[in-house]
Structures are given as C-alpha cells and as structure tokens.
Undergrad: 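The structure that follows is given in the form of structure tokens.
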Amino acid sequence: MIDHISVGVSDLERSARFYELALAPLGLSRLVTRPGTVGFGKSYPEFWINLRGAMSPVPPESGCHICLRAKSAGEVDAFHASALSGGGSDDGAPGLRPHDRVRYYAAFVRDPDGNRIEAVTFPQE
C-alpha cells in the first residue's frame with residue numbers, strides 16, 4: 001500500500017553511510033544519489049533520506065517510527081548490529097515480543113538524527 005517513505009536528516013553524507021550499513025541486512029542498497037536526497041531500495045527507491053540542514057534532533061517522545069520487514073530473526077539481528085556500528089543508537093534490542101494477537105521479533109534503533117527505525121519479522125515457530 002505504501003510506495004515509499006522519506007525521513008529528514010541534518011547531514012546527508014553521515015546519514016547515507018548510516019543507512020547503507022543499517023539497510024544492507026534487509027536487502028536494501030543505495031540506488032539514487034542526488035543533491036539533497038538519497039534513495040535506497042531493492043529494485044527502486046523505497047526509502048529516501050532528505051537533507052534538512054536546519055533540522056533539530058527528533059525528540060524521543062515524537063511518537064513516529066518506521067518499521068521495515070525482515071525475512072528472519074537473523075536479518076533483524078544484523079540490522080540492529082549494523083545500525084549501531086554505523087552511528088545509530090539502541091532503542092530496543094533484538095528480541096521476541098509476544099502480544100495478544102501476534103508474536104513478532106523486532107529491534108529498534110535511532111538514526112543519528114533521532115528518527116526511530118524498526119526491523120521486524122514474524123517467526124512461525
């Protein structure tokens with residue numbers, strides 16, 4: 001249903017390096033580089049970062065986050081580790097999160113600007 005999303009970043013090159021690392025385990029790579037914007041995806045740009053040079057850090061209480069689907073718990077783990085090694089911060093370590101309706105395995109990170117990004121998979125076991 002959603003074709004693509006974009007997030008604002010204060011430093012395009014720093015964020016591009018972060019997202020190259022964080023998104024690689026999920027099969028997304030840098031596909032488009034233009035002045036002020038970079039697009040990541042599998043076959044077309046699905047995830048964009050846009051330069052907003054005067055942007056303030058995103059406050060933790062903003063309530064906004066983006067969730068990306070992973071194929072396995074291993075991909076979620078790799079996303080989390082890669083994001084942290086790329087300058088992100090932990091906002092929820094990888095793990096099983098059981099709920100009333102559905103069981104899922106997820107990890108949450110914040111990018112260098114504070115945008116909250118999640119990777120999730122739904123194990124069948």
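Keep in mind the model is a prediction, meaning the values are calculated, not measured. Residues take their numbers from the sequence shown, with the count starting at 1. Values reported hereafter were calculated over all heavy atoms of this structure, with side chains retained and with hydrogens, waters and symmetry mates removed.
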Undergrad: When the side chains of residues 86-96 are checked against the rest of the protein, which donor-acceptor pairs come out under 3.5 Å, sequence neighbours left out?
TA:
| from | atom 1 | to | atom 2 | distance (Å) |
| --- | --- | --- | --- | --- |
| D90 | OD1 | H80 | NE2 | 2.7 |
| D90 | OD1 | G92 | N | 3.1 |
| D90 | OD1 | A93 | N | 3.3 |
| D91 | OD2 | R110 | NE | 3.3 |
| D91 | OD2 | R110 | NH2 | 3.4 |
| D91 | OD2 | R116 | NE | 2.5 |

Undergrad: With N115, which residues qualify under side-chain hydrogen bond (donor to acceptor under 3.5 Å, both in side chains), at least two apart?
TA: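 With sequence neighbours excluded, N115 shows a side-chain hydrogen bond (donor to acceptor under 3.5 Å, both in side chains) to D111, given in chain and number order.
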
Undergrad: Who are the side chain to side chain contact (heavy atoms under 4.5 Å, CB included) partners of I5, not counting sequence neighbours?
TA: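 Expected list: I2, F47, I66.
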
Undergrad: Quick one: ring-ring contact (aromatic ring centres under 6.0 Å, His included) partners of Y105, sequence neighbours excluded?
TA: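 Scan of Y105 (ring-ring contact (aromatic ring centres under 6.0 Å, His included), adjacent residues dropped) gives none.
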
Undergrad: When Ile, Leu, Val, Met, Phe, Trp and Tyr are grouped by side-chain heavy atoms lying under 4.5 Å apart, directly or through other members, which residues fall in the same group as V32?
TA: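 For the cluster that includes V32, the remaining residues are L31, W48.
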
Undergrad: Show me the pairs that pass side chain to side chain donor-acceptor pair (under 3.5 Å) and involve residues 58-68, at least two apart or across chains.
TA: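 Found H65-E118.
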
Undergrad: For S10, check side-chain hydrogen bond (donor to acceptor under 3.5 Å, both in side chains) against everything at least two apart and list the hits.
TA: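 Per chain and number, S10 pairs via side-chain hydrogen bond (donor to acceptor under 3.5 Å, both in side chains) with R14, D113.
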
Undergrad: Are any non-hydrogen side-chain atoms of F18 and V9 less than 4.5 angstrom apart?
TA: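 SC-SC contact between F18 and V9 ruled out.
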
Undergrad: Tell me, yes or no, whether the heavy-atom count around R97 atom CZ, taken from other residues, nucleotides or ligands under 6.0 Å, exceeds 12.
TA: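 Above 12, so yes.
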
Undergrad: Under the side chain to side chain contact (heavy atoms under 4.5 Å, CB included) rule, collect the residues that match up with E13, sequence neighbours excluded.
TA: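 Per chain and number, E13 pairs via side chain to side chain contact (heavy atoms under 4.5 Å, CB included) with D11, R17, R30.
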
Undergrad: Sequence neighbours excluded and cut-off under 3.5 Å, please list the side-chain donor-acceptor pairs for residues 36-46, or say none.
TA:
| from | atom 1 | to | atom 2 | distance (Å) |
| --- | --- | --- | --- | --- |
| T37 | OG1 | I49 | O | 3.1 |
| T37 | OG1 | N50 | OD1 | 2.6 |
| Y44 | OH | D3 | O | 3.2 |
| E46 | OE2 | K42 | N | 3.2 |

Undergrad: Not counting sequence neighbours, which residues clear side chain to side chain contact (heavy atoms under 4.5 Å, CB included) with A70? List them please.
TA: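 Applying side chain to side chain contact (heavy atoms under 4.5 Å, CB included) to A70 gives L26, E75, V76, T121.
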
Undergrad: What residues join V58 in its hydrophobic cluster, counting side-chain heavy atom gaps under 4.5 Å, either direct or through other members?
TA: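 M55, which link up through side-chain heavy atoms under 4.5 Å apart, make up the rest of the cluster.
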
